[in-house]
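Take a look at the structure set out below.
Fair warning: this is a prediction, and the values are worked out from it, not measured in the lab.
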Amino acid sequence: MFDELLDKDATALAALIRCGEVSAREVAQAAIDRQQAREPLIQAFCTPTPELALAQADAVDAKRASGQPLGALAGVPLAVKDLICTAGVKTTSGSVAYQDFVPEEDDIAVERLLAADAILLGKTTAPEFGYSGVGHNPLFPSPRNPWDLSKTPGGSSAGSGAALAARMCPIALGSDGGGSVRIPAAHCGVYGLKASMGRVPLWPGCRDERYPGVSSWESLEHIGPMTRTVRDAALMMSLLAGPDMRDRHSIPCSDVDWLASLEKPLSGLRIAFSADFGYVAVDSEVRRITTEAAHRFSRELGAELEEVDPGIADEAATFSALVAFESDLTGMRKMQAELGQRMSPHLSAMLQHDWRAETFTDANTQRKKICNQLWRFMQRYDLLLSPTLAVPPFPLNMQGPEIIDGRMVRSDHWLSFCFPFNFTGQPAASVPAGFTSDGLPVGLQIVGRHLDDGLVLAASAAFERIQPWNHISPASLGVVHE
């Protein structure tokens, strides 16, 4: 009888629990029941935690019964990507090397959400150490896209996106080193936000040198909210943001009122839109859907929209070199020697590459150039819009399509819109923009100036008001069956 509660957003669900209309245990049990019913189809969770979820829910109910105030996420079921550490709960990073690893401490982001009385529904599947834009890894079955079970949900926060789209939980944590929050958000028809670099502190992920593979991507990685509504993402950011001494990149966040940002009008803003950045091969339906969505900002929201390219070129090689540079090559090569063919082939290929010092220094110099190009471009515009991805969801267990819009491309070309904003640390979100003729979700990327996270949220919320998406679900389309 409580199943329908899981279709509510986190804000509404927490309010019901705080006022006593429903107990946290009832919500937790409903989430567990739905998870158990849908997991055989979706395979989003690599480590479900039903006993822990019920224990945490009972603790929330006990707090309320004793008159203690409840946190902002009182009793809300939360999914956490398997790259993000959870104390006492297995965190494998999708690798055989860590298949039995149980962290002693929570990541800062998990720590903060649990302190706000969220309950952990489980860990969600990700590719090995996050080195991929899709979801398969050597340990677990591939997560499936709830809109079409033969398709990828995107990655690397693959299971988090799939769990949200399948309505097993209202909120999830993902991480984004080259698009890994925005990619599954776009492919799964949900909302994903990569805040400015340093807004959400990271520890131990990317920072703890004891764990090869886990300790990679230090200057690229972000942890961010994945939700079914923009308001829930703003609520999560109000809890996640703020400095921590364990992360030297973390910054003060008092300049943003996360929830108040949602009401900011867009009239008079200068917005740039590029359907292809001047070089990206883009699926024709993705181009049409995102172009139509972008023009709604001028037609209905009062912004000034200009179709213009930001002037950056194809920097995939720069991205690959920076990822390798920030990886523990010594530790991971030792791991590779021990694992052999039990390591993902694309990860093994990266480790076997004969990297040269000049490749890394050239990539770092090129990164500076891109950062400078983009801050100069953003002097003329308040926001930049683009497709989040170059293609709709594609079949499982491939890294990416090699033909897009009639062009032969690399298998990572479809990710071209995402990773430049990990170079710059700018805030970037993916909002659901519409559906292809086959009923597959397409995302629109909204990018702000450095530290202008509030405006990205405002634009996301404004678009959600004129083109809401949370009422449309795979269940209503007949893909997910109970």
Side-chain angles (χ1 to χ4, degrees), residues 43-49 78-113 120-140 142-143 153-164 171-185 192 194 200-226 240 246-247 323 326-328 331-332 335 343-344 346-347 350 418-419 422:
Q43 299 176 331
F45 287 88
C46 54
T47 306
T49 55
L78 165 72
V80 175
K81 182 179 183 178
D82 198 33
L83 304 188
I84 301 173
C85 287
T86 42
V89 177
K90 189 162 62 173
T91 301
T92 74
S93 296
S95 177
V96 175
Y98 289 87
Q99 62 184 334
D100 298 315
F101 176 57
V102 178
E104 297 177 353
E105 57 188 328
D106 287 320
D107 191 280
I108 295 167
V110 175
E111 179 183 287
R112 291 179 175 181
L113 296 185
L120 181 62
L121 190 59
K123 304 300 292 292
T124 56
T125 302
E128 192 165 12
F129 300 121
Y131 284 71
S132 175
V134 289
H136 51 278
N137 69 47
L139 281 180
F140 303 108
S142 297
S156 62
S157 307
S160 289
L164 286 169
I171 58 173
L173 276 179
S175 59
D176 190 316
S180 291
V181 161
R182 291 160 287 157
I183 295 162
K194 179 191 80 67
V200 180
L202 279 72
W203 169 267
C206 301
R207 307 289 188 259
D208 194 331
E209 80 289 348
R210 294 175 296 171
Y211 304 116
V214 178
S215 61
S216 305
W217 307 64
E218 188 186 20
S219 74
L220 297 166
E221 186 75 295
H222 304 64
I223 285 180
M226 299 176 67
L240 293 169
R246 291 169 285 183
D247 182 354
V323 169
E326 296 202 337
S327 299
D328 178 357
M332 293 181 73
M335 184 190 305
M343 179 175 276
S344 301
H346 65 277
L347 184 54
M350 185 276 286
C418 288
F419 61 77
N422 294 83

* Would you say the side chains of Ser156 and Lys81 form a donor-acceptor pair under 3.5 Å? -> yes
* Pro201 side chain near Arg246 side chain, heavy-atom distance below 4.5 Å -> no
* Can you tell me how far the OG1 atom of Thr125 sits from the CD atom of Gln43, to the nearest 0.5 Å? -> 8.5 Å
* Asked: Is it true that the side chains of Ser93 and Glu128 contain a donor and an acceptor less than 3.5 Å apart?
  -> no
* Asked: Are side-chain N/O atoms of Thr91 and Thr86 paired as donor and acceptor at under 3.5 Å?
  -> yes
* Asked: Do Ser160 and Thr124 get their side chains close enough for a donor-acceptor pair, meaning under 3.5 Å?
  -> yes
* Close side-chain approach of Met350 to Ser327, heavy-atom, < 4.5 Å -> yes
* Going from CD1 on Ile171 to CG on Leu78, what distance comes out if it is rounded to the nearest 0.5 angstrom? -> 5.0 Å
* To do: State, to 0.1 Å, how close Gly213 and Ser216 come at their nearest heavy-atom pair, and which atoms those are.
  => O-OG, 3.2 Å
* Asked: Is there side-chain contact between Arg112 and Val110, with at least one heavy-atom pair below 4.5 Å?
  -> no
* **Phe45 to Ala163 - nearest heavy-atom pair and separation** => CE1-CB, 3.7 Å
* Between Ile223, Leu173, Asp176, which is the residue that forms a side-chain contact (heavy atoms from CB on, under 4.5 Å) with Val181? -> Asp176
* Does Thr49 use its side chain to pair, donor to acceptor, with the backbone of Gly122 at less than 3.5 Å? -> yes
* Atom CZ in Phe140, atom NZ in Lys123: separation rounded to 0.5 Å? -> 9.5 Å
* Can you check whether Tyr211 reaches Phe101 side chain to side chain, under 4.5 Å on heavy atoms? -> yes
* Worked verdict on His222 versus Ser175 for side chain to side chain contact (heavy atoms under 4.5 Å, CB included) -> CA-CA 6 Å; His222 304 64; Ser175 59; over 6 Å; no
* Do Arg207 and Glu221 meet the salt-bridge criterion of a basic N to acidic O distance under 4.0 Å? -> no
* For the atom pair CG (Leu83) and SG (Cys206), what is the distance rounded to the nearest 0.5 Å? -> 8.5 Å
* Structure fact -> Heavy-atom closest pair (Glu218 atom, Glu326 atom, distance to 0.1 Å) is N-OE1, 2.8 Å
* Please collect all salt bridge (Lys or Arg N to Asp or Glu O under 4.0 Å) contacts where either partner lies in residues 208-217, sequence neighbours excluded, each pair once. => Asp208-Arg210
* Asked: Roughly how far, to the nearest 0.5 Å, is the CG atom of Leu347 from the OG atom of Ser95?
  -> 8.0 Å
* Asked: Do Tyr131 and Met332 come close enough that some side-chain heavy atom pair is under 4.5 Å?
  -> yes
* What is the minimum heavy-atom distance between Cys85 and Pro204, and which atoms define it? -> SG-CG, 3.6 Å
* **Pairs involving residues 98-109, ordered by first then second residue, that meet side chain to side chain donor-acceptor pair (under 3.5 Å) (sequence neighbours left out)** => Glu105-Trp203
* Structure fact -> dist Phe419:CZ -> Asn422:CG (nearest 0.5 Å) comes out at 9.5 Å
* To do: Might you work through the side chain to side chain contact (heavy atoms under 4.5 Å, CB included) test for Cys418 and Ile183, ending with a clear yes or no?
  => CA-CA 8 Å; Cys418 288; Ile183 295 162; 4.1 Å; yes
* If you take all heavy atoms of Ser157 and Gly174, which pair is closest and at what distance? -> OG-CA, 3.4 Å
* Structure fact -> Between Pro143 and Gly159, the two heavy atoms sitting closest are CG-N, 4.2 Å
